[in-house]
Amino acid sequence: MGLDESDTRSRNRRHPDAKTPFPLSVGLALQIACLVLPGAVMIPTVVFRAAGQPEEFLLWAVFASVAICGATSIIQAWRIGRFGAGYILAIGTSGAAIAVSIAALSAGGPALLGALVVVLAVVQFVFSARLSLFRRILTPTVTGTVLMLTPVTVMPIMFEQLKNVPSGTPPLAAPLSALATLAIIVGIALAAKGRLRLWGPVIGIVAGSAAAGVFGLYDVDRIALAPWVGIPQSELTALDLRFTPDFWALLPAFVFIALVCTIQTVGGAVGIQRVSWAESRAVDFRAVQGAVAADGLGNLLSGLAGTMPLGFRPTGASMVEITGISSRRIGLALGAALIVLAFVPKALAVILAIPGPVITAFVTVTMAAIFIVGVKVIVQDGIDNRKGLIAGVSFWIGVGFQSGAIFPGQFPEFAGALLNNGMLTGGTVAILMTLFVELTKPRPRRTEVDFNPAALREIREFMGAFASRRGWDAQMMDRLDAVCEETLLTLQQRDEPGAENGRRLLLTARIEDGGAVLEFVASKGEQNIQDRIALLGEANAAAMIEQDVSLRLLRHLASSVRHQQYHDTDIVTVRVEPSGGRIARGM
């Protein structure tokens with residue numbers, strides 16, 4: 001197979017609608033399941049045991065967590081209505097909710113935990129519906145930083161798994177098993193081509209498990225004792241809706257966890273879009289809204305089942321980055337596999353029996369990939385001094401809290417469990433710094449007009465007054481006027497005839513770094529302006545059609561154009577420089 005043919009095949013596979021063969025979809029899905037399952041099983045086990053809950057509640061919580069994670073993964077890939085992203089988004093039990101879940105179980109058992117998780121789900125539904133209101137806070141810089149901090153949070157826990165071996169095991173057993181797994185996965189990823197590269201992680205896990213088996217680390221007894229099929233016997237506990245003092249005391253913590261889970265999901269939905277297409281595309285925030293809504297639906301089911309909250313796992317994006325395949329069929333297969341495994345304890349035991357050192361080596365590769373995805377999210381958004389400072393300071397503060405170097409032992413046990421999570425602290429710092437930047441910007445001026453061509457006269461008067469206060473010359477005023485006209489026409493061309501009736505356009509103008517930043521908030525459309533402007537710059541682009549005239553003019557009038565699409569809302573942000581020397585690009 002020639003190089004060109006290989007590149008073409010790789011590009012065809014990096015598409016959410018790619019028709020991957022069934023065996024390949026199942027194989028890649030099982031690789032992702034290997035990373036999701038340990039957390040989906042072990043986290044509820046640790047939480048319910050720490051809270052002193054009966055064994056039947058524990059077994060039910062594990063079963064429900066695995067099954068609901070599978071169902072939510074299917075919704076994420078399938079995109080049912082406004083639920084789901086339409087991409088490979090792996091879902092697992094939320095590690096950020098460990099401390100608050102133990103507190104809820106200790107105070108009121110699964111009934112209280114379920115009620116609080118339902119509230120958490122409602123908060124996520126609100127975030128999904130009104131995500132455009134938080135666009136200035138949940139920026140690519142914030143979401144990219146959260147993705148970069150994911151390995152910082154996960155890897156210390158995983159490195160502890162290198163010590164998770166039976167007593168009496170030879171000292172070299174764990175490092176040799178991990179090294180064998182890591183060497184094979186990385187070696188295949190770097191040197192192999194074609195189908196062999198896609199199966200590298202599976203080959204590495206099998207080889208590492210075989211090496212571990214030589215030292216007796218593979219838990220064969222777990223597999224032998226596990227039943228083939230089974231559902232835990234447990235009576236569902238009704239939600240505690242008495243709203244006791246314990247409920248109100250824990251409610252703020254669960255609302256905060258809802259925010260954390262939402263940030264993780266937003267970052268994951270942005271990241272998976274960055275790696276799922278062969279060519280760079282603007283982020284579709286309707287898919288981001290769908291991802292948050294699907295997580296909310298999964299958490300609603302978790303609350304009704306009396307188990308822990310769930311959340312985004314970065315393994316889907318990292319697997320796409322490693323294999324170059326982004327078909328949503330893999331996400332559907334992942335969800336189906338998790339559901340099947342929930343009902344087949346013996347199959348579940350096969351994966352859970354994989355030794356900790358082998359899993360650690362596998363996770364090391366995937367976390368390296370997700371770190372790079374976070375970097376790409378920040379860089380592709382266009383990095384400047386402010387964004388670089390926010391990302392850098394937030395990242396290292398997150399590292400400091402995760403390592404216990406910042407304020408060690410200065411907080412109560414409950415608060416310390418949250419603050420020692422680098423992803424939470426670093427993400428919070430990124431949000432606060434972003435808010436500070438927004439609050440210190442010059443106060444914007446705004447106007448609201450009807451969404452029709454007749455509004456151009458009002459817009460011209462508004463922009464004329466804005467430019468006069470700044471003292472800009474007639475040339476700059478003409479450019480601002482032209483940008484407003486072309487943006488309005490472009491937005492209207494994307495709607496069906498007559499669709500603008502009754503709709504409004506909110507125009508905001510502010511001064512930033514000597515230039516003008518204009519933000520147009522209007523009703524929805526289907527095509528992304530930012531992508532179409534990028535297409536116009538390609539040498540092999542199709543011949544210009546009539547409606548592209550406005551795009552071409554806008555491309556040369558503005559220094560940057562960013563288009564964010566939400567359900568029922570379009571937000572176009574245009575930057576205009578007085579010099580007029582730069583060509584438009586995605587912000």
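Under the 4.5 Å side-chain criterion, counting only non-hydrogen atoms from C-beta, Leu338 is in contact with Ser73. Side-chain atoms of Leu310 and Ser65, non-hydrogen and from C-beta on, never get closer than 4.5 Å to each other. The shortest side-chain heavy-atom distance between Ile137 and Val142 does not fall under the 4.5 Å cut-off. Two residues are said to be in side-chain contact when any heavy atoms from C-beta on lie closer than 4.5 Å; Tyr218 and Pro355 meet this criterion. Put simply, the side chain of Val152 reaches to within 4.5 Å of the side chain of Phe395, judged on heavy atoms. For the pair Val320 and Ile325, the minimum side-chain heavy-atom distance is 4.5 Å or more. Counting heavy atoms from C-beta on, the side chains of Gln124 and Leu297 never come closer than 4.5 Å. Side-chain contact between Leu113 and Phe48 is present, with at least one heavy-atom pair separated by less than 4.5 Å.
The heavy-atom pair separating Leu250 from Ala103 by the smallest distance is CD2-CB, 3.8 Å. Ala90 and Ile32 get closest at one heavy-atom pair: CB-CG2, 3.8 Å. Residues Leu89 and Ala291 come closest through the heavy atom pair CD1-CB, 3.7 Å. Minimum interatomic distance between Ala121 and Gly296 (heavy atoms only, all atoms of both residues): CB-O, 3.2 Å. For the residue pair Thr181 and Ala361, the shortest heavy atom distance occurs at CB-CB, 3.7 Å.
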Please test Met148 against Ile378 for side-chain contact (heavy atoms from CB on, under 4.5 Å), starting from the C-alpha separation and ending with a verdict.
CA-CA 10 Å; Met148 290 168 59; Ile378 296 174; 3.5 Å; yes
CA sep, side-chain torsions, deciding dist, call: Phe254, Phe247, side-chain contact (heavy atoms from CB on, under 4.5 Å)
CA-CA 10 Å; Phe254 273 84; Phe247 174 88; over 6 Å; no
Intermediate values then yes/no, side-chain contact (heavy atoms from CB on, under 4.5 Å), Leu120 and Val255
CA-CA 6 Å; Leu120 184 151; Val255 172; over 6 Å; no
Using side-chain contact (heavy atoms from CB on, under 4.5 Å), reason through Ile88 and Gln76 one step at a time and then give a plain yes or no.
CA-CA 7 Å; Ile88 306 171; Gln76 291 286 18; over 6 Å; no
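The closest donor-acceptor contact from the side chain of Ser327 to the backbone of Ala18 lies under 3.5 Å. In this structure, Ser25 contributes its side chain and Ile330 its backbone to no donor-acceptor pair below 3.5 Å. The backbone N or O of Asp284 sits less than 3.5 Å from a side-chain atom of Gln273, completing a donor-acceptor pair. Panel note: side chain Thr145, backbone Thr141; a donor-acceptor pair is recorded below 3.5 Å. Arg14 contributes a side-chain N or O that, together with a main-chain N or O of Val275, makes up a donor-acceptor pair within less than 3.5 Å.
Annotation: Trp60 is not in aromatic contact with Phe57 [ring centroid separation under 6.0 Å not met]. The six-membered or imidazole ring of Phe127 lies near that of Phe134, with a centre-to-centre distance under 6.0 Å.
Partners of Thr72 under the side chain to side chain donor-acceptor pair (under 3.5 Å) rule, at least two apart in sequence or in another chain, do not exist in this structure.
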